[in-house]
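Reminder, nothing fancy here: chain letters follow the sequence lines and each chain counts from 1. Atom set for the values below is all heavy atoms of this structure, side chains included, hydrogens, waters and symmetry mates excluded.
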Amino acid sequence: MNTLNLRIESKTERLSYVREFVSDAAKKFGFDDESIGKIALAVDEACTNIIKHAYGFSPQHNIDIKIVTNKEIFEIIIRHQGKLFDPKLVKTPDLKDYIDHPRRGGLGIHLMRLLMDQVEYKILPNNKCEVHLLKKLQVGK
Amino acid sequence: MFDVKILENNNIEFSGRLDATQTEQAEKILEQVNTSCTLDMKSLEYISSAGLGILLMHQKRLKDAGHAFRLINLNKHVRDVFMLTGFDQIFEIM
């Protein structure tokens, strides 16, 4: 098992750095360009949600990003100490309603679920919250 | 890095990476469009859901006013994001 760690400030200006960090790791792990693009976008969406909803755009907080690889599993764990929320309350958006009432936001979690093999939210005892994003490497492809 | 330009014929070009940091810059230009418009995305390398959201808002605004809003020259990654979200069924993509 290998791990990589990155800590960023809770600013959207750091998103491009996060995408580079995750893309480099995904490339070294063996993913093709299409999968690398999907993983980087999913992590961007998760971090954007944390910056926006958990920290309310307040930049003095941290977001910890850990990549754990084991055999064919590539997992990104994103930890924060901001406002907790229940992802089960986030329904898959009704596209017709979204078209009729377009708005900023509301697609991020839906997109993460489409891009990754598994998306999980965990609440830790010390008021920390983790988003787990998992992608399997398709061996032989 | 993201850039947005108004071209001749009131068309627009996006280039670079459109994430949550850059939506304000994109929106300032899109707000100025009040007629049918083509958005050239040939140099747009990346788009997140924040970018999709503002494109949809302005597509609806223009459509409600009787104008067209076309997207052209999407690269594979950007096109894939539109397809994954179903937005390829909403926008006129050429």
Side-chain angles (χ1 to χ4, degrees), chain A residues 8-20 22-23 26 31-53 55-57 59 63 90 92-116, chain B residues 1-3 14-28 30-31 33 39 41 43-65 67-69 71 74-93:
Chain A
I8 60 158
E9 300 161 303
S10 54
K11 298 176 177 178
T12 56
E13 288 82 357
R14 304 299 284 153
L15 290 172
S16 60
Y17 185 55
V18 173
R19 291 196 301 267
E20 273 179 42
V22 172
S23 297
F31 283 112
D32 60 18
D33 287 346
E34 184 178 340
S35 296
I36 293 168
K38 288 180 178 178
I39 293 166
L41 178 54
V43 174
D44 178 315
E45 297 292 344
C47 290
T48 299
N49 277 349
I50 291 167
I51 293 166
K52 188 176 175 183
H53 300 295
Y55 287 136
F57 291 109
I63 300 172
V90 180
T92 300
D94 177 341
L95 205 55
K96 187 181 178 308
D97 179 65
Y98 203 87
I99 296 163
D100 291 341
H101 307 96
R103 53 199 175 269
R104 289 174 187 80
L107 285 174
I109 292 177
H110 174 55
L111 196 49
M112 283 156 57
R113 288 172 178 152
L114 291 170
L115 293 164
M116 301 300 284
Chain B
M1 182 73 185
F2 171 74
D3 196 19
F14 278 2
S15 58
R17 295 166 176 268
L18 178 54
D19 64 16
T21 323
Q22 314 292 350
T23 50
E24 196 175 330
Q25 187 186 353
E27 207 158 17
K28 274 183 188 166
L30 289 168
E31 281 167 356
V33 179
L39 173 58
M41 302 172 96
S43 300
L44 187 72
E45 299 163 32
Y46 176 87
I47 189 166
S48 71
S49 68
L52 291 178
I54 61 155
L55 288 181
L56 186 62
M57 287 170 65
H58 288 281
Q59 188 253 15
K60 178 169 169 47
R61 177 178 63 81
L62 290 168
K63 191 177 175 186
D64 288 350
H67 304 303
F69 185 54
L71 310 180
L74 285 67
N75 75 17
K76 186 180 181 309
H77 174 70
V78 172
R79 189 177 288 270
D80 284 350
V81 176
F82 274 80
M83 289 176 73
L84 270 171
T85 50
F87 275 36
D88 60 320
Q89 303 298 311
I90 301 167
F91 286 88
E92 188 180 344
I93 298 175

Option that, when pairs with chain B are counted at under 4.5 Å, heavy atom only, ranks first among A:Leu114, A:Leu115, A:Asp33: A:Leu114
Please look at A:Glu13 and chain B and tell me whether the side chain, the backbone, both or neither of the residue comes under 4.5 angstrom of a heavy atom of that chain. both
Just give me the residue among B:His77, B:Met1, B:Lys60 that pairs up with chain A most often, heavy atom to heavy atom, under 4.5 Å. B:Lys60
Look up atom OG in B:Ser48 and atom CG in A:Asp44, then write down how far apart they are to the nearest 0.5 Å. 5.0 Å
Cut-off 4.5 Å, heavy atoms of chain A, and the answer for B:Glu45 is neither
Between CG of A:Leu107 and CG of B:Leu52, what distance do you get to the nearest 0.5 Å? 6.5 Å
Counting only heavy atoms closer than 4.5 Å, note whether B:Lys76 contacts chain A via side chain, backbone, both or neither. side chain
Test item: A:Arg19 and B:Asp19 side chains (from C-beta on) under 4.5 Å apart, heavy atoms: yes
Once rounded to the nearest 0.5 Å, what's the spacing between atom CG of B:Leu84 and atom NE2 of A:His110? 8.5 Å
Which bit of B:Ile90 is near chain A, if near means a heavy-atom gap under 4.5 Å: side chain, backbone, both or neither? side chain
